[in-house]
Amino acid sequence: MTAAADCKWMEILLETGYAIIPDLLPASELGALEADLEADFSATPFGDGDFYGHCTKRFGSLLRRSPRAASLVLEPTVLALARKILAPACERIQLNVAQAIEIHPGEIEQFPHCDHDMWAGIKGTHEYLVNVMWPLTPFTAENGATRMYPGSHRQTIEALEELGDPIAAECGPGSAICFLGSTVHGGGPNRSNSVRRGVVIGYSLGWLKPYENPWLAYPPSVARQFTPELAELAGYVQHRPNLGNYEGQCPSILLRDEIPSHPRATDSLRPDQQLAVASFARERRDGR
Ligand SMILES: O=C(O)CCC(=O)C(=O)O
Ligand SMILES: [Fe+2]
């Protein structure tokens, strides 16, 4: 995709709260991913709870279940959008979730919500999260396509009645439904006779507690197979200063062939902090 096209999607995403980018990946790639996940869809039970849905199946850890999931997580256009939107509030972004969602016939509409409400911080000054829903089956208004509330990212919603009408994010495999953590949305009701399958890939500010615990989903033995970029997104990196360290070091040391038994705790500071700390230490060493 050209830089101008990327800009257009950014404008739409920031203006409307969501953007449906068509044909970002070959539909065959999503078909192959769906085939890889077939056994997991059938083995996974329905969820429990009115938010997750009683006629909906979910499972995470997608990067462990199929090597093809990486091409969704690393898709350059959505990754660039997520990085740009989250850049004002972090040094690096992280993978927040990689989850498959299968909505069965008879499922009701999901509670309309903002995904950023998973974190208690004050909202309104920056985004916390960018999500991308990748349909595995065609998404239609009838089968439970994700419902988006246009412009809701700019509203302060105190009661559901204040929401306008949603749109159903109708599109097919290969398209990417991108939306902000501040955008009100929810799974649609499935009034059809077949399942609606999708994969949600989310990116959040690198210093937040991620929704899906990446170090358990992808322990070092799994993350060792990842490219460096994927391993970083999946938690094997520090967010300066020193956040997410392992024994005072970058957790990526756990992906090496030889792991030091007693690593040396090493500062990982932002340049401004590095300067302030160095100047203070120099003065103290000089006896001042
Ligand atoms: O399945 C969907 O379309 C949306 C699901 C969702 O928004 C959620 O579980 O947070
Ligand atoms: Fe959601």
Side-chain angles (χ1 to χ4, degrees), residues 13 16-21 30 33-34 37 40-41 44-62 69 72 78 82 85 95-120 123 127-150 152-153 155 157 160 163 165-192 194-204 208-213 217:
L13 182 53
T16 323
Y18 69 92
I20 303 174
I21 310 179
L30 280 297
L33 173 62
E34 185 184 16
L37 301 177
D40 292 310
F41 277 118
T44 300
F46 284 134
D48 188 16
D50 289 334
F51 182 75
Y52 278 156
H54 299 276
C55 297
T56 297
K57 296 184 174 187
R58 286 164 201 270
F59 52 87
S61 310
L62 297 188
L72 274 56
V78 296
I85 286 169
L95 181 66
N96 196 56
V97 63
Q99 185 184 69
I101 306 179
E102 183 181 68
I103 302 184
H104 280 243
E107 180 61 283
I108 57 168
E109 173 188 2
Q110 189 188 28
F111 181 77
H113 60 280
C114 296
D115 283 338
H116 71 187
D117 286 340
M118 69 181 86
W119 296 289
K123 310 296 175 349
E127 289 296 333
Y128 284 65
L129 164 91
V130 175
N131 262 342
V132 185
M133 175 65 90
W134 294 90
L136 294 180
T137 58
F139 270 30
T140 66
E142 211 202 351
N143 77 2
T146 312
R147 289 180 166 188
M148 294 289 165
Y149 291 80
S152 54
H153 62 309
Q155 287 173 266
I157 304 285
L160 291 181
L163 287 168
D165 290 332
I167 65 103
E170 295 193 302
C171 58
S175 302
I177 306 165
C178 308
F179 57 102
L180 304 173
S182 55
T183 305
V184 181
H185 68 282
N190 189 342
R191 301 182 181 125
S192 77
S194 47
V195 297
R196 188 229 71 175
R197 286 178 171 169
V199 158
V200 65
I201 305 291
Y203 310 89
S204 58
L208 285 170
K209 177 168 182 159
Y211 164 82
E212 182 179 26
N213 186 316

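Just so you know, these numbers come straight off a predicted model, no measurement behind them. Note that ligands are numbered from 1 as they come in the structure, with each ligand's atoms numbered from 1 the same way.
- By the 30° and 60° cut-offs, the orientation of the rings of Y128 relative to W119 is parallel.
- For ligand 1, the atoms closer than 4.0 angstrom to any heavy atom of M133 are 1 (O), 2 (C), 3 (O), 4 (C).
- Of the protein's non-hydrogen atoms, the one nearest atom 5 (C) of ligand 1 is Q110 OE1, 3.4 Å.
- When only modelled atom types and interatomic distance are considered, S192 and N143 share no side-chain donor-acceptor pair under 3.5 Å.
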Please determine whether side-chain contact (heavy atoms from CB on, under 4.5 Å) holds for the pair H54 and D48, giving the CA-CA distance in whole Å, both sets of side-chain angles, and the decisive distance to 0.1 Å.
CA-CA 5 Å; H54 299 276; D48 188 16; 3.8 Å; yes
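- If you look at Y52 next to ligand 1, there are no close heavy atoms at all, none under 4.0 Å.
- Between L163 and P112, some side-chain heavy-atom pair lies under the 4.5 Å cut-off.
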Could you go step by step and tell me if W134 and L136 meet the side-chain contact (heavy atoms from CB on, under 4.5 Å) rule?
CA-CA 6 Å; W134 294 90; L136 294 180; 5.7 Å; no
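- Protein N, O or S atom count below 2.8 Å of the Fe ion (ligand 2): the structure gives 3.
- With a 4.0 Å heavy-atom cut-off, ligand 1 is reached by the side chain of R196 but not by its N, CA, C or O.
- No donor-acceptor distance shorter than 3.5 angstrom exists from the side chain of R197 to the backbone of E34, with no hydrogens or angles considered.
- Annotation: side chain of K57 is in contact with side chain of F46 (closest heavy-atom distance under 4.5 Å).
- Each of the following atoms of ligand 1 lies closer than 4.0 Å to a heavy atom of I101: 1 (O), 5 (C).
- When non-hydrogen atoms are compared, ligand 1 lies under 4.0 Å from the backbone of T146 as well as from its side chain.
- Atom 4 (C) of ligand 1 has its closest protein heavy atom at G187 N, 3.7 Å.
- The side chain to side chain donor-acceptor pair (under 3.5 Å) test with S182 singles out one residue from H116, E127, K123, and that residue is E127.
- Neither the backbone nor the side chain of V200 has any atom closer than 4.0 Å to an atom of ligand 1 (non-hydrogen atoms only).
- Near D115, with a cut-off below 4.0 Å to any heavy atom, the atoms of ligand 1 are 10 (O).
- The side-chain heavy atoms of N131 and V97, taken from C-beta on, include a pair separated by under 4.5 Å.
- Only the side chain of R58 comes within 4.0 Å of ligand 1, judged by heavy-atom distances.
- Judged purely by atom type and a 3.5 angstrom limit, T44 has no side-chain atom pairing as donor or acceptor with the backbone of F41.
- Residues I101 and R196 meet the side-chain proximity criterion, which asks for heavy atoms closer than 4.5 Å.
- By the side-chain hydrogen bond (donor to acceptor under 3.5 Å, both in side chains) test, E107 is found to be paired with T56, residues two or more places apart in sequence or in another chain being considered.
- Those atoms of ligand 1 that come under 4.0 Å of a heavy atom in F51, given as number and element, are 10 (O).
- Ranking the protein heavy atoms by distance from atom 10 (O) of ligand 1 puts H113 NE2, 3.0 Å first.
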